[in-house]
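Each chain gets a letter, A, B and so on, in the order the sequences are listed, and its residues count up from 1. This structure is a prediction, so every number in the text was calculated from the model and none was measured.
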2 protein chains.
Amino acid sequence: MSDEKDDPLMVRAVEKAFRILATFDAANPRQTLTQLADKAGLDRSATQRFTHTLSRLGYLRKDGRTKAYELTPKTLNLAYQYTRSSPVVLRAHPYLSHLNRTTEETISLTVLDDTEIIYLSRYLSPNVLDTDVIVGSRLPAYCSAGGLALLSMLEDAKIEEVLDRSHLRAYTAKTIYDREGIWTRIRFVREHGFAMVEEQIYPGDISIAAPILLADGNVMAAVSLGASRFRYQADAMVQRFVPALVAATRSMSQAIPT
Amino acid sequence: MSDEKDDPLMVRAVEKAFRILATFDAANPRQTLTQLADKAGLDRSATQRFTHTLSRLGYLRKDGRTKAYELTPKTLNLAYQYTRSSPVVLRAHPYLSHLNRTTEETISLTVLDDTEIIYLSRYLSPNVLDTDVIVGSRLPAYCSAGGLALLSMLEDAKIEEVLDRSHLRAYTAKTIYDREGIWTRIRFVREHGFAMVEEQIYPGDISIAAPILLADGNVMAAVSLGASRFRYQADAMVQRFVPALVAATRSMSQAIPT
DNA sequence: ATAATACTTATCGTAATGCGATAACTTATC
DNA sequence: GATAAGTTATCGCATTACGATAAGTATTAT
């Protein structure tokens, strides 16, 4: 275990600032000083200082009337910079855009972050199956198409470690969350070169995914295609979209460096 | 002028951390310690401490080989939280999505941030005019459709202040960047209820925009529709899309609180 | 209405935290 | 293979941020 304590290079003030920012979500878009203090686990004085600082920096705004703080659009900056500086995102863009237009289905680019996948880009279907996944969304790796595609490229031991840390649970009646079930799917990906999941998290959603590899064989990211169960049978989807998906990820594996 | 100095509530460490993060862009996706120190205007020791801290927090990653730092996908978190907590973004979504599907043109939601507009959401055209505007992008208010729609709802004095602070310049041969030209367009928006610009920033782009108002008459955001000059004449575009655009922003003005 | 209460803003002396100079070490350059 | 440039580690000191408290303001109860 890494001890957060007594790390002389660690500037704790920064962590506290991010703790404040991290308390905002759909359920709590506007929060008052004490609410923030409670949720962030800081005392009043500290909360006072950090809300003040973040307000001065332009990331927080205080409603003079209600005294509640809310995030400002400036918080989009960081993500903008990431998107604009990430080689994967930039280089994958033309391929994904093309896939999206030819298939008319939702295309996503995801990476692994420990036990979760993070969505780096989304290209929505005009027919729209609007799950509320957006850029920055996180889903568990073990039951998402992208996650399985990414996991399957790791060493077995690493996968076990990830699963150990994962909170395996059922999101729908169909969710496969037992170890053996998950391993069966990982072996499937390794054998066939793509992952496929049906209604594992969102009812009605079927997704396929394939990994983008580095020259050294390591995974970089995964591309997934999601569609509605009501428009395609699973096997029809595989037939129809897997070749293009796999071809695209192959090309990307070639085209994207480091 | 507000003096950044001696503000006892200001935690400077936070500012420095953000200074480090802000140095990353398309031209500098990976930066080494000294590069960061130079660009952020911090000494080596400070840079050392903040890169360390940000790495521990998961926002930065160091390539062990090249010793270069880069942003991690975790930097998408903040924007995700903003998007998920912003009433404007959430409430506008169905309207914008609908506009996007019925018009098949690119639809954007923007807000004013001093002299610039910030893109809060984008709904791309299947026909794609891929300017490289994405969520989080900033454009000058005075020559963008959304910007003019937003500015026009402010008091004249406020507008002058914004223009004073703006760096008025030509992005294309067609850019209108003289005060009187800008005022003419602002009056146009006030009279007709929508803004319209042709190739002001990106060649080939024509955009129209209309403001979303609060109950008290203040502006909240603007919705813009962008298309290619090669597909529509300006007046054809107005005829074709303005009614739907204005109807949508009217509904949104009603539907979105605070 | 008025008191009581809870929360927000302002102030300040103190100590610990983060500062920045320097040293040890590592990688690139010639 | 020597020199320089850059990165990582260490440490004593002063300053910065801490956190307790007081003053001010809104909210609730009676």
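Nearest nucleotide to the K62(A) side chain, out of dG18(C), dT9(C), dC7(C): dT9(C). Comparing dG20(C), dC7(C), dT9(C) by their nearest atom to the side chain of R44(A) picks out dC7(C).
Atom CZ of R65(B) is separated from atom P of dT27(C) by 12 Å (rounded to the nearest Å). Between the NZ atom of K16(A) and the C1' atom of dG18(C) there is a distance of 11 Å, given to the nearest Å. Distance, Q48(A) CD to dG24(D) P: 15 Å, rounded to whole Å. Between F50(A) atom CZ and dT17(C) atom P the separation is 12 Å, expressed in whole Å. If you take CG of L36(B) and P of dG6(D), they are 13 Å apart, rounded to a whole angstrom. Distance E15(A) CD to dG18(C) C1': 15 Å, rounded to the nearest Å. D63(B) has its CG atom 14 Å from the C1' atom of dT27(C), to the nearest Å. Rounded to whole angstrom, the span from the CD atom of Q35(B) across to the P atom of dG6(D) amounts to 10 Å.
Under the rule for a side chain to side chain contact (heavy atoms under 4.5 Å, CB included), the partners of A170(B) that lie at least two apart in sequence or sit in another chain are T175(B), Y177(B).
Mapping V14(A) and Y69(A) onto DNA chain C by nearest heavy atom places Y69(A) at the nucleotide closer to the 5' end. Between T34(A) and S45(B), the residue whose closest nucleotide on DNA chain C is further toward the 5' end is T34(A).
Taking the six-membered ring for Trp and thresholds of 30 and 60 degrees, Y59(A) and F18(B) have nearly parallel ring planes, at less than 30 degrees apart.
For the OP1/OP2 pair of dT17(C) and a distance below 4.0 Å, the side-chain nitrogens and oxygens of R12(A) include no atom meeting the criterion. Under 4.0 angstrom from either OP1 or OP2 of dA28(C) there lies no side-chain N or O belonging to K67(B).
Ion pair K74(A)/D113(B) not flagged as a salt bridge, since none of the NZ, NE, NH1 or NH2 atoms sits closer than 4.0 Å to an Asp/Glu carboxylate oxygen. We find that R187(A) and D156(A) are not joined by a salt bridge, their nearest charged nitrogen and carboxylate oxygen being 4.0 Å or further apart.
If you check every strand for non-hydrogen atoms under 4.0 Å, A46(B) touches nothing.
Side-chain contact between D63(A) and R30(A) is present, with at least one heavy-atom pair separated by less than 4.5 Å.
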